[in-house]
Amino acid sequence: MKKKVLPVMIAVVLIIVIAGVSVGATLWERYSYTKERADLSEYFGISGEADVAIILQDEILEERARIWDGVYYLDLNTVHQYFNARFYEDRGEGLLLYTIPDDIIKTEIGSSEVSDGDGSRSMGYVPARYEGDTLYVAVDYVKQYTNFEYEGFMEPNRLQIYTLWEERQVAEAKKDTAVRVLGGVKSEILEEISAGDKVVILEQMETWSKVKTEDSVIGYVENKRLNDPRVELPIPVTDYEEPVYTSQTREGKVNIGWHVVAGPGGNDTLDEVIANAKALTVISPTWFKLNDNEGGFTSFASQSYVDKVHGMGMEVWGLVENIEYKDSIDMYAILSSTTTRAKLIDGLINEALSYGLDGINVDFEQISSDCGEHFIEFIRELSIPCRLNGLVLSIDNYVPMGGTDHYNRTEQGIVADYIVIMGYDEHYAGSKEAGSVASINFVEKGIEQTLAQAPPEKVINAVPFYTRIWETKDGAIGSQAVGMDTAEEFVRAHNITVEWNEETCQNYGEYTADGSLFQVWLEDERSIEVKLNIMDKYKIAGVACWRLGFEKPEIWDQMEEYMNR
C-alpha cells in the first residue's frame with residue numbers, strides 16, 4: 001500500500017512545485033523591473049552628428065537645431081515662430097538683417113562679420129549660414145536680441161531652451177532609480193538618476209509622475225521614489241532688455257484730410273478742398289508715387305504748399321503710394337531688395353526734410369501675402385530715420401479681414417506712430433453684390449479687430465466722404481463712386497425716397513428704371529456722426545477723411561464736435 005501511495009505523493013508535490021514555479025515566474029514577469037534601455041537617439045529622433053533635438057520649456061519640438069563647430073543653430077522659421085520675428089533674410093543679396101529703433105544690424109550670410117552704423121566687428125563665429133536652401137542662425141546671435149536661456153547636452157545632442165520662468169513643482173529622488181519611457185515597470189529605461197537628484201514634475205498621477213531631469217530627459221518615475229513635491233520659482237534671465245520704440249504721437253486727437261494731388265497743378269486746389277473744413281490737424285497730399293522697380297518715385301511736393309498749411313496751424317504728412325503706376329511696378333521686387341528699400345527710404349526722407357514735412361503716410365495697397373515680410377521690413381527700416389528726424393510715420397491699412405494678416409499690424413503698432421484703418425470699401429467697384437461702402441457693423445468690427453493687434457493711442461479710423469451709386473440689370477452689377485453732394489443730387493433728380501436703415505446706420509434709397517435697379521447707401525452728416533460716436537467709444541487716436549472735396553459742408557460740424565469731446 002505504501003509503495004502505491006509514495007509515487008502519488010511525489011507526483012502531487014511535483015505538480016505543486018511546478019505550479020508554484022509557474023506562478024512565481026508569472027508574478028516575476030509581471031512585477032519585476034525591466035532593465036531594458038531605450039535608445040535615446042531614437043527617443044529624441046536624432047539623425048546624424050549635427051542633428052540636435054530642441055526642448056522648449058517642457059516640450060520636445062518637432063523642429064530641429066544643428067550644431068557645427070561647437071555652435072548651435074536654429075533655422076530661421078523656428079527663430080521666427082518661437083523666439084524673434086524681426087530677423088530678416090535677404091536671399092538675393094545674401095544678408096541677414098536685424099532692425100533696432102535706431103539702426104540696422106547686418107551680417108553677410110556665411111561670414112563672421114557684423115556691421116551697423118558704428119562699423120563692422122567679428123563675432124568669432126558665423127552668425128548665419130545656409131544648409132542647402134535653409135538659413136540657420138546661431139543661437140548665440142539670436143540671444144543678443146532676445147531674452148531666453150539655453151543649455152546644450154550631448155549623447156544625444158539636445159538643446160534645452162527657456163523663454164518663460166513660471167512657477168513649477170519639483171522633487172528629489174529618495175534613492176537611485178530609473179526614468180522610464182512610460183509609467184510602468186516594464187517600460188524601457190531612459191536614464192538613471194541618483195538619490196538627491198532633482199526633477200521637475202510635469203504631471204502627477206496615482207503611482208507615477210511624468211518628470212524632466214536636470215539634463216532635460218522627459219519620462220516617468222514612480223511616486224514612491226520621490227520626496228514630497230514642492231513649489232519652486234525659477235530665477236528669470238534678464239540679460240537682454242527689450243528696446244524702446246519711442247513714438248511721435250500727438251497730444252489729443254488727430255484729424256487727417258487726404259488731399260488727392262494727381263500732378264503739380266493739383267497743389268493749387270488746396271484752398272478749394274479745405275474751404276469749409278473745421279478741426280483738421282493734418283493734410284496728407286498724395287505727393288509721392290512709386291514709378292519703377294529700383295526705388296524711384298515721382299514727387300509733386302511744393303514748398304509753398306507746406307508753408308501755407310503750416311501757416312494754418314496744420315501739419316503735412318506726405319503720402320507715398322503704389323497705385324498710380326501699379327501696372328509698371330513690382331512691389332515684391334522693390335520691397336524684397338535691401339538696396340532698393342534703402343534707396344526708396346533715403347529718397348522719401350530727403351524729400352520730407354527738404355520741404356519741412358511733419359510726417360510720411362505710407363499707402364501701399366494690394367500687397368501680396370508672399371511680400372508681407374518684405375513690406376514690414378520696409379516699415380521697420382523707414383521708422384528709423386523717421387524716429388531720428390522727428391517725422392511721424394503712419395501706415396494705411398485695410399479693415400482686418402479678407403486675408404490681410406501679412407500686413408502685420410502688431411509690428412506696425414510697435415515701430416510706427418499711427419495705424420490708419422481704411423474703414424470703407426466694404427462694397428467696392430467689382431463687388432459681386434451692391435451694398436454699403438461702410439456699414440456701422442463693418443466699421444466697428446474693423447476697429448475692434450485692429451485694437452486686438454495695436455494700442456488705441458496709435459489707431460486712427462478713416463471715414464468715407466463718398467457714396468456708391470449702384471446699378472443692377474440682368475444680373476450685372478456696376479457702380480460709381482461720387483461725392484456726397486452728387487449722391488444727394490442723384491436722389492433728388494430721381495425722386496428717390498430715402499429711409500434710415502438701422503442695420504447699416506445710413507439713409508437708403510432705391511428706384512427702378514428701364515429694367516435697372518438703382519441703389520444708394522448714403523454717406524451724410526448722420527452716418528458720419530454714428531461712425532464718429534463708435535470711434536469715440538473705443539477711445540482711438542482720431543479720424544482720417546477720404547477724401548477732401550467730396551464732403552458736404554455740414555460734415556465739418558460733426559468733425560469739430562468729435563474733435564472737441
List for me each residue that meets side chain to side chain donor-acceptor pair (under 3.5 Å) alongside Tyr98, sequence neighbours excluded, and say none if there are none. Asn84
Sorted by chain and residue number, the salt bridge (Lys or Arg N to Asp or Glu O under 4.0 Å) partners of Glu489 (sequence neighbours excluded) come out as none
Shortest non-hydrogen contact from Asp417 toward Thr249: O-CG2, 3.4 Å
Would Ile440 and Glu503 count as a side chain to side chain contact (heavy atoms under 4.5 Å, CB included) if you check the C-alpha gap in whole Å, the side-chain angles of each, and the deciding distance to 0.1 Å? CA-CA 8 Å; Ile440 196 61; Glu503 184 177 353; over 6 Å; no
Does Phe288 have its ring centroid less than 6.0 Å away from the ring centroid of Phe300? no
Return the minimal non-hydrogen interatomic distance between Met563 and Val254, and the atom names on each side. CE-C, 4.0 Å
In Å and rounded to the nearest 0.5 Å, what is the CG to CG distance from Leu335 to Leu344? 7.5 Å
Within the 6.0 Å centroid threshold, strictly below: Trp258 and Phe550: no
Is it the case that the ring center of Tyr428 lies less than 6.0 angstrom away from the ring center of Tyr424? no
Not counting sequence neighbours, which residues clear side chain to side chain donor-acceptor pair (under 3.5 Å) with Asp370? List them please. Ser368
Restricting to ring-ring contact (aromatic ring centres under 6.0 Å, His included), what partner residues turn up for His494, sequence neighbours left out? Phe490, Tyr511
Hey, mind stepping through Cys545 and Asn255 against side chain to side chain contact (heavy atoms under 4.5 Å, CB included) and telling me if it holds? CA-CA 8 Å; Cys545 314; Asn255 187 351; 3.5 Å; yes
Decide whether Ser304 and Asp307 meet the rule of one side-chain donor and one side-chain acceptor closer than 3.5 Å. no
Using the test ring-ring contact (aromatic ring centres under 6.0 Å, His included), find all partners of His374 that sit at least two apart in sequence or belong to another chain. Tyr88, Tyr332
Sorted by chain and residue number, the side chain to side chain donor-acceptor pair (under 3.5 Å) partners of Glu351 (sequence neighbours excluded) come out as Ser299
With a 3.5 Å cut-off and sequence neighbours excluded, list the donor-acceptor pairs that the side chains of residues 472-486 form with protein atoms.
unit_1	atom_1	unit_2	atom_2	d
Lys473	NZ	Asp514	O	3.3
Ser479	OG	Arg468	NH1	3.0

Decide if the gap between the ring center of Trp500 and the ring center of Tyr508 is smaller than 6.0 angstrom. no
Under the salt bridge (Lys or Arg N to Asp or Glu O under 4.0 Å) test, which residues partner Asp536, sequence neighbours left out? Lys253, Arg565
Just grab all the side chain to side chain donor-acceptor pair (under 3.5 Å) pairs involving residues 445-454, residues at least two apart or on different chains. Glu448-Tyr538
Not counting sequence neighbours, which residues clear side chain to side chain donor-acceptor pair (under 3.5 Å) with Arg121? List them please. Asp116
So Ser439 and Ser436, side-chain hydrogen bond (donor to acceptor under 3.5 Å, both in side chains) or not? Walk me through it. CA-CA 6 Å; Ser439 69; Ser436 167; 4.9 Å; no
With sequence neighbours left out, write down each residue that passes ring-ring contact (aromatic ring centres under 6.0 Å, His included) with Phe83, or none if nothing qualifies. Phe148
Hits for salt bridge (Lys or Arg N to Asp or Glu O under 4.0 Å) against Lys343, two or more places apart or cross-chain, chain-then-number order -> none
Between the side chain of Thr146 and the main-chain N/O of Val142, is any donor-acceptor distance below 3.5 Å? yes
